[in-house]
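Worksheet: the structure to be examined is printed underneath.
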4 protein chains.
Amino acid sequence: MTRLKLGMVGGGQGAFIGGVHRIASRIDGRFDLVAGALSSDPARAAASAAELGIAPERSYASYADMAKAEAAREDGIDAVAIVTPNHMHAGPAVAFLQAGINVICDKPLAATPEQAKQIADAVDASGAHFILTHNYTGYPLMRQAREMMARGELGTIRVVQAEYAQDWLTTSTETTGNKQAEWRTDPARSGGGGAIGDIGTHAFNLLSFVTGLQAEALMADLQSFGAGRKVDDNAHIMLRFAGGARGMVWASQVAPGNENGLRLRIYGDKGGIEWSQENPNVMTFAPLGEPKRILTRGGAGLGGGGGNWTRIPPGHPEGYLEGFATLYNDAADLIEGKGKGELLPGIAAGMEGMWFIGACIESSRGDGKWVAR
Amino acid sequence: MTRLKLGMVGGGQGAFIGGVHRIASRIDGRFDLVAGALSSDPARAAASAAELGIAPERSYASYADMAKAEAAREDGIDAVAIVTPNHMHAGPAVAFLQAGINVICDKPLAATPEQAKQIADAVDASGAHFILTHNYTGYPLMRQAREMMARGELGTIRVVQAEYAQDWLTTSTETTGNKQAEWRTDPARSGGGGAIGDIGTHAFNLLSFVTGLQAEALMADLQSFGAGRKVDDNAHIMLRFAGGARGMVWASQVAPGNENGLRLRIYGDKGGIEWSQENPNVMTFAPLGEPKRILTRGGAGLGGGGGNWTRIPPGHPEGYLEGFATLYNDAADLIEGKGKGELLPGIAAGMEGMWFIGACIESSRGDGKWVAR
Amino acid sequence: MTRLKLGMVGGGQGAFIGGVHRIASRIDGRFDLVAGALSSDPARAAASAAELGIAPERSYASYADMAKAEAAREDGIDAVAIVTPNHMHAGPAVAFLQAGINVICDKPLAATPEQAKQIADAVDASGAHFILTHNYTGYPLMRQAREMMARGELGTIRVVQAEYAQDWLTTSTETTGNKQAEWRTDPARSGGGGAIGDIGTHAFNLLSFVTGLQAEALMADLQSFGAGRKVDDNAHIMLRFAGGARGMVWASQVAPGNENGLRLRIYGDKGGIEWSQENPNVMTFAPLGEPKRILTRGGAGLGGGGGNWTRIPPGHPEGYLEGFATLYNDAADLIEGKGKGELLPGIAAGMEGMWFIGACIESSRGDGKWVAR
Amino acid sequence: MTRLKLGMVGGGQGAFIGGVHRIASRIDGRFDLVAGALSSDPARAAASAAELGIAPERSYASYADMAKAEAAREDGIDAVAIVTPNHMHAGPAVAFLQAGINVICDKPLAATPEQAKQIADAVDASGAHFILTHNYTGYPLMRQAREMMARGELGTIRVVQAEYAQDWLTTSTETTGNKQAEWRTDPARSGGGGAIGDIGTHAFNLLSFVTGLQAEALMADLQSFGAGRKVDDNAHIMLRFAGGARGMVWASQVAPGNENGLRLRIYGDKGGIEWSQENPNVMTFAPLGEPKRILTRGGAGLGGGGGNWTRIPPGHPEGYLEGFATLYNDAADLIEGKGKGELLPGIAAGMEGMWFIGACIESSRGDGKWVAR
């Protein structure tokens, strides 16, 4: 077994999600991080590279240099992870795709529709793969739920309740020097959406992934409760899906007592499921007219899928990092030609997320009017 | 101690909520059931009365006869419980109020705005009390929550998430001979609303009771998933409150795995609470920046109220019937002049519920437009 | 329907369990409280009787007077509830049994083996019924569990884990004027056992009721952590049952954070169940090799029993008082000749509890030796 | 940053815990696996090494060869992970310690007291470190609990309830070709203990780690419920600690519905904590007389420690692998001279575990007699 060679754009000292990608890439031992343009600040880039064991000659001053140099090396990287703020996704994504290097990009896809289109065009034109890390799809029980739904175990889906609640922006955290809060609440860097882009897209992506439902229209009531805040920090959203199902999405960063409360509840005419990210190894399944069942990751009585995408026996919890790692593992398979990546979120999921963000903003500006596709 | 004398209209054999009222009236030993017009079917009325130990001469053929006769008796009833289907509330309510007899009426107030107005007018004109059994307000922790909010422990309320989910109408239960399902899904008897009236009003009443927030506008997306069903069985609702708070309400009778999932979550700028009716002796309270606390009914560290309205020590669960009984107990106090009934839902709560139902229907018919007060 | 006439010994002002018995007797409307010897203090007895609506002539100065007088009345009581401290059970129990009046007695049976034997002899000699209020057996899901076990759904039982944890005696509550704590920690009044008698017997009774297992031997390590406390406040117990099953019982009154944490877990070679009194409307059942199921009181998929002994639909919680009321309801059936009371704890359960208490004390004094039957 | 070089003994194809050690060693990027004696079967050893990217010349036929060769290499391994069955720990542990190579050894320490002593002697004689992977001590909230106890937040500890329940040996799994079950139920390979060694030692280690209590005596009632099984599969244990605290331990592999139910509850005279491994990111803390608090890993209001030993924000669950990785991370610090490894279990914890296993067996053979230190 030879490991794939991974590069990274962004993720230098002080960043958050870059570190998550690095751990995720290590867990299954399929990637080695060997190159990076870790920061736009040269000193920080170099220091970060040194810390991470990246050779100095593969620590680049810019993503453009990196794409060019790595594409030219015989031992160039197999994939690059892009972990910059939203408005900085398109540049490197396009550059690496054009260089024929596979891209693993953090979500949401971009800060503007124009940037998103640039990436989509580059994906179309490139032979390289593009993966968007909607990481919650890597939780085994979410994949299990998707399989159950595809097998019809819930019947026709009628109602979807999705939510992602946090409390870290209850006060004006962005004025206290918190870098994560700063760029996420700056419309220029986040792309206009606040909670809807940062966490709402996760909820929307996850419900779409699990149910396979296609949203036809939405309406949104967005609020900015934080004093002086320029983006939404609480969002109430209704969805209408093709075929008649309906949904509600609540995304909030101002709900005290919620840390990362991503919850999904889906009801069909034959059954319902309920799942929460904070204890992701458990999902309940209620077949209509029978007692509710507690399904555990890899546990007793799972027909098929639920037992895959997992590393250790049931009752030994896997968490956020393992779910994230499963995307990296699937990406490695895809790159090595061992699979087709059917479960990996890609450019289509990214464009869906862009529609979701844009439609929420349009609806809310229109006093909650319905916005159709 | 002498017990108050209670009469009942409706609640004969085969009924549901009448039995609940009877148990609730007995738990604290403040009422004796001594008279009734238990059914419009004379044979059933008599048989029901006999079963309940009501003397034959106080089993009446009609509520009108009953109101007249009981008002005339020296030992006439102190209060009457009206437990008929929604469209049959106004008649007896007006009759007993006009006879000067206190009324304890099941919710929602009425099937139509006209009926509601008749009751409201009769309340205005009568010296008797009118109590509407929005029984969930009798749960000790909901009263505790109300006190906490009034004391400012959550700060300014920003977000309210309320829901009431059931699954008993997932299939077309109303076509199988289920009496409860029949009248609840018949627009003529229910008043046009389905889930919104039967359970949505409970959620709306409870959130109003606890937060003290005044709804200024709502929008609703109502669905009838059951085949051939003429009233809503799933409702998605958004609320805007005076002062800027926002809310979502989900009411469903088609969510498999949910029995009586009434849940309330409220978030202010200083803290949040979460509570579920199915395990009502527990509520979490998250003061911002501190660990979440598990408050138990009457348990350790409750400042004041939470310790009242309860009969047994913490850890010994009280349930639905005790919460309901607390309304009867408060009613007895009110009737006996021992209290002012500040916590008892009355005609104002009833009119609020009528607005809620009407606005939901109006909004949904207008494709989800906002409906202001 | 005519209500049965109930008397009460003990339960005057300031008492706890008497009030519980009164509510329990009222819930199903089968009893009226008409007589009492509510306190050994005549003034308090009279005041208590007046409060409860008992006619002055049926408020007695002693249980002996009461037994005699009530037996002589044409409209004498059908049953008496004995709710005095443990060392005061035998006197009234024997007196009423000898007078041919049915006895509903609080647990444990008595304070000493001698007293227990007196009651047992009186039961043998009397035609009247004797019921011991091990009230937790009235919880519907405990009766459901008993049926499941009898049907073999768990296979051969191997392991029983029972516990009853409280925290109210963590400090020396008995020195602060708390009457409940005073008599429970006074060996003369409690009978020598502390936690083992007050709550351990409940755990032991409940596990015996549900499993049908017969204890053959036990060993116990008893502690008195409270300063100056003369009875056990924490008990660790192992059990050996006929047929080879084994059990552990933990009873504690010094476990901070526990209110009335009575929990029962039972494992056979085909499945396991888990239940907790603090949320008694839910029980999990794990058939070996299948997902765990959440059984709810009266809920979906209960084969038989679980749907009985309950008053309201699933999802509307019943609690401690309803479980207690079920014993009164069954008692009414038994007295009226409508049932045989198979599920009612009686003198045999009482003698089992006496063995349990005695064996725990003997074992602990013998440094944890095994004590056989 | 340069990674440490890791070797492994055992853990070839078909093994379980070896894979866990490998992931744990990768998560924080401190180790590279470069050498191994992965199986006593040469073909399997070579194939396993190839799969793991170990160079052929560093795939050894025996641990003895490996210890010798690696000690001689300039780029020899910094540490070896020993992940063989229990009876195969002593040989490699002694060999590597004698070669001056740090040892990370799976638990329990050994299969016999003699083997344990050999290891202990080798540790004494060696300058190398010895770490025993009682991995549950790596859970952040267990370290938080230990700190809270050390700070006196629970007061004087009185009662400890620990348990580790599984169900995978409910039937005779060891006769179905399950390798994990085979050696664990073979007294020669497991060391005589079944559940007590495999999981009971984890419970005992964890309670000791968290409380700091020293066991003075124990008594045990061990059962073998599985047909033909030669080691215990269910164990009931009582503990007496220095200073007067008491404990119960339940370890079971025959409790249907339990996957890896390691639970710890500790009660002092000022408060109590409760934690379960299956949802390890949450712990409740009940300060006496105050509401119970829900502490989350790294969450709000943790004074100090709980925020360390964690990689991602609260609400994003970490699991078993991260807890295990923390031991590897601490080991890396220790090896690199950055810390003293105060929290790492070592030879003392190993000897404690051996005492626990031996005393359980001795007590049970003596019909549950108390066995003192």
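Order of the sequence lines fixes the chain letters, A, B, ..., with proteins taken first and strands second; residue numbering starts at 1 for each chain.
Annotation: side chain of A/Thr284 is in contact with side chain of A/Glu274 (closest heavy-atom distance under 4.5 Å). Using a 4.5 Å heavy-atom cutoff, the side chains of D/Leu52 and D/Leu33 are in contact.
Checking each of A/Arg30, A/Lys338, A/Arg143 against A/Asp330 for a salt bridge (Lys or Arg N to Asp or Glu O under 4.0 Å) leaves exactly one that passes, namely A/Arg143.
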Next item on the list: Check the pair D/Arg58 / D/Asp75 against salt bridge (Lys or Arg N to Asp or Glu O under 4.0 Å), numbers first and verdict last.
Entry: CA-CA 11 Å; D/Arg58 296 179 86 171; D/Asp75 65 347; 3.6 Å; yes
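When ring centroids are compared, A/Trp275 and A/Tyr139 come within the 6.0 Å threshold.
Most heavy-atom pairs under 4.5 Å with chain A: of the set D/Pro280, D/Ala24, D/Gly261, D/Gly315, this distinction falls to D/Gly315. Most heavy-atom pairs under 4.5 Å with chain D, from the set A/Arg22, A/Arg26, A/Gln166: that is A/Arg26. Note: D/Ile27 leads D/Ile27, D/Leu262, D/Ile23, D/Asn281 in heavy-atom pairs under 4.5 Å with chain A. Of the listed residues (A/Gly19, A/Ala325, A/Pro313, A/Ala300), the greatest number of heavy-atom pairs within a distance under 4.5 Å of chain D belongs to A/Pro313.
Of the atoms belonging to A/Tyr136, it is side-chain heavy atoms, and not backbone ones, that fall under 4.5 Å from chain D. Heavy atoms of D/Arg311 lying under 4.5 Å from chain A belong exclusively to its side chain. For D/Asn135, no part lies near chain A; criterion is any non-hydrogen pair under 4.5 Å.
With respect to the salt-bridge test (charged N to carboxylate O, under 4.0 angstrom), the residues D/Asp198 and D/Arg184 qualify.
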